[in-house]
Amino acid sequence: VAGVLLEEKDGTWESVTTGVPTPPPHAERLRGLTLPGLANTHSHAFHRALRARSQEQAGTFWSWRDLMYKVAAALDPDLYRSLARAVFAEMTLTGYTAVGEFHYLHHGPGGRPYDDPNEMGVALIEAAAAAGIRLTLLDTLYLRGGFDRPLDGPQLRFADRSATAWAERASALAATAERASGAVAGPRGGPGVHVGAAIHSVRAASPEEAAVAALWAAERGVPLHAHVSEQRRENQQCDAARGVTPLVSLDSSGALGPLFTAVHGTHLTPPDIALLGGAGGACCACPTTERDLGDGIGPFESMDAAGIRLALGSDSHAVVDGFEEARALEMHARLSCERRGVLAPGAVMAAATAGGMESLGLGSGILAAGALADLVSVRLDSVRTAGADPVLVASAAFAATAADVDTVVVGGRTVVAGGHHLLVDDVAGELARAVTAVIS
Ligand SMILES: [Zn+2]
């Protein structure tokens, strides 16, 4: 809408005024359609190295996972810092102002801790600061290779000695992040770092171990995320091992509540949906990853009806484009429901923005006084968006792509202008160099 004046102070919007006929002299004019910053609620930064590299042979989720483990085995803190900086810069270029990094690559080869056991987490914090993106670092509990299997090979790098050892390390990371947040805040707010918790999956922790992470997050009032029912096989294995669905297993560990986000939820059952909705939890869909891995289409229509807050993530980064992610949520639902208009354009963009910010513990994620001063402006004069109605949110949800992003502001600081990243000069070059270094 034209004639809206946003005034920022100390990283939040001080006022949002509509019906302003002429901008005040100091104001910066934004091109096109302006939205709240996009939230990338679920990311594993290092998976970016796999993009288009696992498509040659027909494979399964599990063969893709083997390749992902190879990349994980190759990373050290320095390589991870440069790869993540480039990946986070790609995200900001495409309109994401916050990322929830589901971080499980904790330790050195063989599982030996680095001198600072949080060296990999610190590399991610430094990478996000360099790329100008907000980071909610979801430190992930990952102790087992499967329901009846110990950890093996590269998985050893994911594991702490015990759930208690995980909690001690996560507490130390939270303290480090608090110091780093102060250091990067600066006069213009700065992006900041928050530490939350994640349980990798019901495969990776026993109910008792998962309960330790749930309690850790609840005591701190921070977000708790978990991969839930991404594949049918996960439901089958959980049923065989524990006689319940993955979500019910997590509930028995005390994980569910308003700060809980189920990632994927592709194969949630109707009782699961009622349980998650009743607990006030959220679901993070990752449509471009779910289609890349052949996971299936989640029951998002039923989740929406059950009052489950939806969020979106680019997960494996097969695609990094928040507009495509938002559009895919609705388009996939149309294919599975065999009708149009399953979720309204406003609901789709709310999942891409406010829903995700809330899941990441970052407040309301809307353009209103008191909210974080994040925004993204998309051009409405590109070949894709030309002729789109400038007042319809559908112009963003159903026409725009990452390539149409003109301006990105994070905490009042302009990070992208004219489609160019102001902090990382050559994002494509850095991506190419970092991926090559990891793959070779
Ligand atoms: Zn994931």
Side-chain angles (χ1 to χ4, degrees), residues 39-51 54 60-69 71-72 75 80 83-84 87-88 91 96 98-106 120-121 124 135-146 154-155 157-159 196-205 210 213 223-235 238 246-247 250 255 260-268 281-298 300 310-320 322 325 328-329 351 356 359-360:
N40 195 352
T41 309
H42 186 69
S43 157
H44 311 283
F46 74 89
H47 293 194
R48 172 64 177 81
L50 298 173
R51 185 184 296 174
S54 61
T60 64
F61 171 89
W62 309 96
S63 62
W64 169 87
R65 195 181 68 158
D66 289 342
L67 190 60
M68 183 265 284
Y69 284 172
V71 173
L75 284 164
Y80 205 5
L83 176 62
V87 174
F88 292 153
M91 289 181 196
Y96 287 119
V99 58
E101 180 65 23
F102 196 107
H103 167 53
Y104 57 83
L105 187 55
H106 301 304
M120 292 298 243
L124 290 167
L135 173 67
T136 295
L137 190 51
L138 299 158
D139 196 289
T140 304
L141 176 73
Y142 195 133
L143 302 178
R144 293 167 189 280
Q155 289 178 333
R157 301 189 62 179
F158 309 161
I199 298 160
H200 179 273
S201 58
V202 286
R203 293 190 300 280
L224 174 67
H225 290 209
H227 291 122
V228 183
S229 290
E230 177 175 6
Q231 293 257 324
R232 286 185 197 280
R233 186 165 131 181
E234 178 187 327
N235 283 23
C238 190
L247 193 77
L250 288 165
F260 178 73
T261 297
V263 178
H264 301 297
T266 322
H267 299 288
L268 289 184
C283 181
C284 177
C286 306
T288 64
T289 290
E290 287 150 12
R291 72 189 184 207
D292 181 64
L293 294 176
D295 290 342
I297 300 171
F300 299 111
L310 296 176
L312 288 161
S314 68
D315 189 4
S316 69
H317 315 308
V319 172
V320 172
E325 216 69 63
L329 178 68
S359 262
L360 296 177

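Counting starts at 1 for both ligands and their atoms, in listed order.
Qualifying ring-ring contact (aromatic ring centres under 6.0 Å, His included) partners for His106, counting only residues two or more places apart in sequence or in other chains: His103. Considering only residues two or more places apart in sequence or on other chains, His47 meets the side-chain contact (heavy atoms from CB on, under 4.5 Å) condition with His44, Trp64, Met68, Tyr104, Ser316. Partners of Arg291 according to the side-chain contact (heavy atoms from CB on, under 4.5 Å) rule, which considers only residues two or more places apart in sequence or in another chain, are Thr288, Glu324, Ala328, His332.
Only protein N, O or S atoms were considered, and those under 2.8 Å from the Zn ion (ligand 1) are His42 NE2, His44 NE2, His227 NE2, Asp315 OD1.
His42 and His227 form a side-chain donor-acceptor contact under 3.5 Å, judged by distance and modelled atom types alone.
Counting non-hydrogen atoms of other residues, nucleotides and ligands closer than 6.0 Å to CZ of Arg232 gives a total of 12 or fewer.
Although no hydrogens or angles enter the test, the distance criterion places no donor-acceptor pair under 3.5 Å between the side chain of Glu290 and the main chain of Gly296.
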